[in-house]
Amino acid sequence: MKMEGLGLLERVLSDGLGEMLFVVSGKRNGEFKFEWINRPARENFGFGEEAIGSNVRDVLGDQVGGLLTERYREVAESGGQAVYEDHFYTPDGAEWFTEVTLTPLPEERDVRYIAVLAKDITGRKQGEFMRRGMIRRLEESTSRFRALFENNGDAVLELDPAGVIIEANTAALRLLGLSSEALDGKLFSGLIPEQDRCMAEAAFSLAADGRLQDVRVNVMTENGGLVGCLLKFTPIDRDGKPIGYYANLKDMRELDKLADLYLESQNQFKIIADNVRDVIVTIDGSWRLLYASPSAKPQYGYEVDDVVGKATEDLIHPDDFPDLVRGYKEILEGRHIFRIRLRVLHKNGDWIWSELNASPVRGPDGEFLHMVIVVRDISRQKAEEERLEHYAYHDQLTGLPNRRLFLNRLEDRVNEYHRTGRPFAVALMDLDRFKKVNDTWGHSVGDDVIRAFSHRIEDAADHVLAARFGGDEFVILIADCSTHAQAEMLAGRIIAALKEPIVAGGHVIPVSTSIGIAFAAPGRTTTDVLLKLADRSMYEAKQEGPNRYRIVE
């Protein structure tokens, strides 16, 4: 192989090969030097141009370089190809696994050059490691799981994704008075009386979405009796998808007896309340706190003496207190229980999202005595719900509102237009020749360009709703726009924001956009019509050259 041929080879491989490739040459002293290194290899190993022409040992060190040199000598001497697995750390600290193929390139019966092709197998190796670990953990935990399942004091039933019973533990068979054969293949909902079935099915649906909830239901036994239980469904996940569920039934009969004892004796209530994790408080008809359980300290920072005698209103967020008042009135009017989410003041001044479950305590003649409230900190659950809602309505790449949120807001604005006739406009735009960016520099650089483009649109389109519609398309709802001049001003700001090129992946990339704007008007008052008009105007603007806009009034 003549080194003059490497110029053409380098161009071909740089354009079409994603694997890492080196060409090394042997020296008379048995050492090897780098003759050529392709772009993926330079980027992943962090090599500079100075590595080309340098000794392998000098570049990689005596330990790694020496090992590779010995392998190159063996291939050079044998004249045969060699394949082995290796791993290394990239400049940013990531561990990569590779399958390396050494191919001798003979020249006049003498091997002077060796092609080193390194194929990334990191994903495969990590998958192997994960599978081995999973198998080992599964073997270790299977016996423990079976013991926990069988010896659990609570009733546990295993269900398939449709809610059909597959297996039941001993406690479940004892609670229901049924044999395993009688339960096998039976719908779990068939164990729940009709008045509680809706609640159980709702908890099952929530569990499918990863939201676990305890619900109070009755369960029918073989002899026709009802047993009050606390029910919780836990999904059995595989690759993030439920493949079944565990239904846990806690027999509440003993706890119900304790609750009955409370109605007979407030001291019994205090014994229970002082030993639970949730905060239990009692409130009289004047909204004064009569009692607070000791768990108020770890949950909300208050000593019991800090809150007893305090007005309830001082501890509830002003925006949420009216909801509590409404629930309290319903209790006074005869409702047995109500549940509400609101913000409770922590001693440190923070507002803690909490769930309140309230029940009235009445005297022998049915007169209202006070209200018992169980307070639970749900701030983590609330934060997770808000995070999931944000992901549902925002684009993950840019952080802007996504197509779903934009169409919802546009539909609202269309409905307002029908009621009031107040005009508005929709702007649709994309990046000119964006496909060329992806083709030239790759999708990672393309994503950086999209992010930078979105930030410039957001800055230029202040006080209006800007959203990513898909790909390199963005839309803007100009909710208060009645004149051609207002629309032109917005389009001008966006175009001006793109005068400076975008720097992405070390490349300076000039960008431009084409904008189509459509005004709401009689005959075009649906989301589909407005978006189609804006889309058509955008492509008309694109025909006139970069950074142009067209407006349909």
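Source: prediction; values computed, not measured.
Ring-plane geometry between Tyr245 and Phe204 is classed as tilted, the angle between the planes lying from 30 to 60 degrees on a 0 to 90 degree scale. Using the six-membered ring where Trp is involved, Phe321 and Trp287 have ring planes that are tilted, between 30° and 60° apart.
A distance-only check finds no donor-acceptor pair linking the side chain of Asp377 to the backbone of Gln299 [under 3.5 Å]. No donor-acceptor pair closer than 3.5 Å links the side chain of Asp305 to the backbone N or O of Val308. With hydrogens and angles ignored, the 3.5 Å screen pairs a side-chain donor or acceptor of Gln486 with a backbone N or O of Thr483. Arg468 places a side-chain N or O within 3.5 Å of a backbone atom of Gly471 that can act as its donor or acceptor partner. Checked by atom type and distance alone, the side chain of Asp472 pairs as donor or acceptor with a backbone atom of Leu431 at under 3.5 Å. A donor-acceptor pair under 3.5 Å is absent between the side-chain atoms of Ser482 and the main chain of Pro423, judged by distance alone.
Here CG of Leu490 is found 4.5 Å from CD1 of Ile478. Values are rounded to the nearest 0.5 Å. To the nearest 0.5 Å, the span separating CD1 on Ile457 from CD1 on Ile515 amounts to 8.0 Å. To the nearest 0.5 angstrom, Leu410 atom CG is 5.5 Å from Thr527 atom OG1. For the atom pair CG (Asp160) and CD (Glu167), the distance works out to 13.0 Å, reported to the nearest 0.5 Å. For the atom pair Met489 CE and His484 NE2, the distance stands at 12.5 Å (nearest 0.5 Å). Within the model, atoms CD1 of Ile476 and CD of Glu458 stand 10.0 Å from one another, a figure rounded to the nearest 0.5 Å.
Among residues two or more places apart in sequence or in another chain, the side chain to side chain contact (heavy atoms under 4.5 Å, CB included) test is passed with Asp184 by none. With sequence neighbours excluded, the residues forming a side chain to side chain donor-acceptor pair (under 3.5 Å) with Lys250 are Asp154, listed by chain and number. Among residues two or more places apart in sequence or in another chain, the side chain to side chain donor-acceptor pair (under 3.5 Å) test is passed with Ser354 by Tyr300.
In this structure, the side chains of Val552 and Arg524 come closer than 4.5 Å at one or more pairs of heavy atoms. No side-chain heavy atom of Asn357 sits under 4.5 Å from any side-chain heavy atom of Asp278. Within the 4.5 Å cutoff, the side chain of Leu345 has heavy atoms near those of the Trp351 side chain. Looking only at side-chain heavy atoms (C-beta outward), Tyr246 and Asn248 stay at 4.5 Å or farther from each other. Side-chain contact check for Leu289 versus Thr282: every heavy-atom pair is 4.5 Å or farther apart. Side-chain contact check for Glu488 versus Tyr549: some heavy-atom pair is nearer than 4.5 Å. Two residues are said to be in side-chain contact when any heavy atoms from C-beta on lie closer than 4.5 Å; Met199 and Ile192 fail this criterion. Counting heavy atoms from C-beta outward, Leu531 and Val426 have side chains that approach closer than 4.5 Å.
Asn218 and Pro193 make their closest contact through O-CD, 2.9 Å (heavy atoms, listed as atom of the first residue, atom of the second, distance). Met220 and Leu176 get closest at one heavy-atom pair: O-CD2, 3.8 Å. The two residues Ser295 and Ser293 have their closest heavy-atom pair at OG-OG, 2.8 Å. Between Ala155 and Ala172, the shortest heavy-atom distance links the atoms CB-CA, 3.4 Å. Closest of all the heavy-atom pairs between Leu183 and Ala168 is CD1-CB, 3.8 Å. The two residues Met371 and Tyr328 have their closest heavy-atom pair at CE-CD1, 2.7 Å.
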Can Met538 and Asp535 be said to form a side chain to side chain contact (heavy atoms under 4.5 Å, CB included), step by step? CA-CA 5 Å; Met538 179 184 72; Asp535 184 72; 3.7 Å; yes
Criterion side chain to side chain contact (heavy atoms under 4.5 Å, CB included) on Arg403 and Leu407, from CA distance to verdict: CA-CA 6 Å; Arg403 184 188 192 99; Leu407 291 177; 4.0 Å; yes
Which is it for Val414 and Leu530 under the side chain to side chain contact (heavy atoms under 4.5 Å, CB included) test, yes or no, and what are the steps along the way? CA-CA 10 Å; Val414 166; Leu530 285 169; 4.3 Å; yes
Dump the intermediate steps for side chain to side chain contact (heavy atoms under 4.5 Å, CB included) on His317 and Leu342, then the final yes or no. CA-CA 7 Å; His317 195 283; Leu342 45 68; over 6 Å; no
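Legend: salt bridge (charged side-chain N to carboxylate O under 4.0 Å, His left out) pairs involving residues 188-215, not counting sequence neighbours, sorted by first then second residue: Asp209-Arg211. The ring-ring contact (aromatic ring centres under 6.0 Å, His included) analysis of residues 175-201, with sequence neighbours excluded, yields the pairs Phe188-Phe233. Sorted by first then second residue, the ring-ring contact (aromatic ring centres under 6.0 Å, His included) pairs that include residues 393-414, not counting sequence neighbours, are His390-His394.
A salt bridge links Asp448 to Arg451: one of the charged nitrogens lies within less than 4.0 Å of a carboxylate oxygen.
Inspection of the Asn223 and Thr221 side chains reveals an N or O donor paired with an N or O acceptor under 3.5 Å.
Counting non-hydrogen atoms of other residues, nucleotides and ligands closer than 6.0 Å to NE2 of His463 gives a total of 12 or fewer. Within a 6.0 Å radius of CZ in Arg376, no more than 12 heavy atoms belonging to other residues, nucleotides or ligands are found. Residue Lys297 qualifies as enclosed at atom NZ: its count of foreign heavy atoms under 6.0 Å is above 12.
Each of Leu191, Thr170, Val227 was scored for a side-chain contact (heavy atoms from CB on, under 4.5 Å) with Leu175, with one residue passing: Val227.
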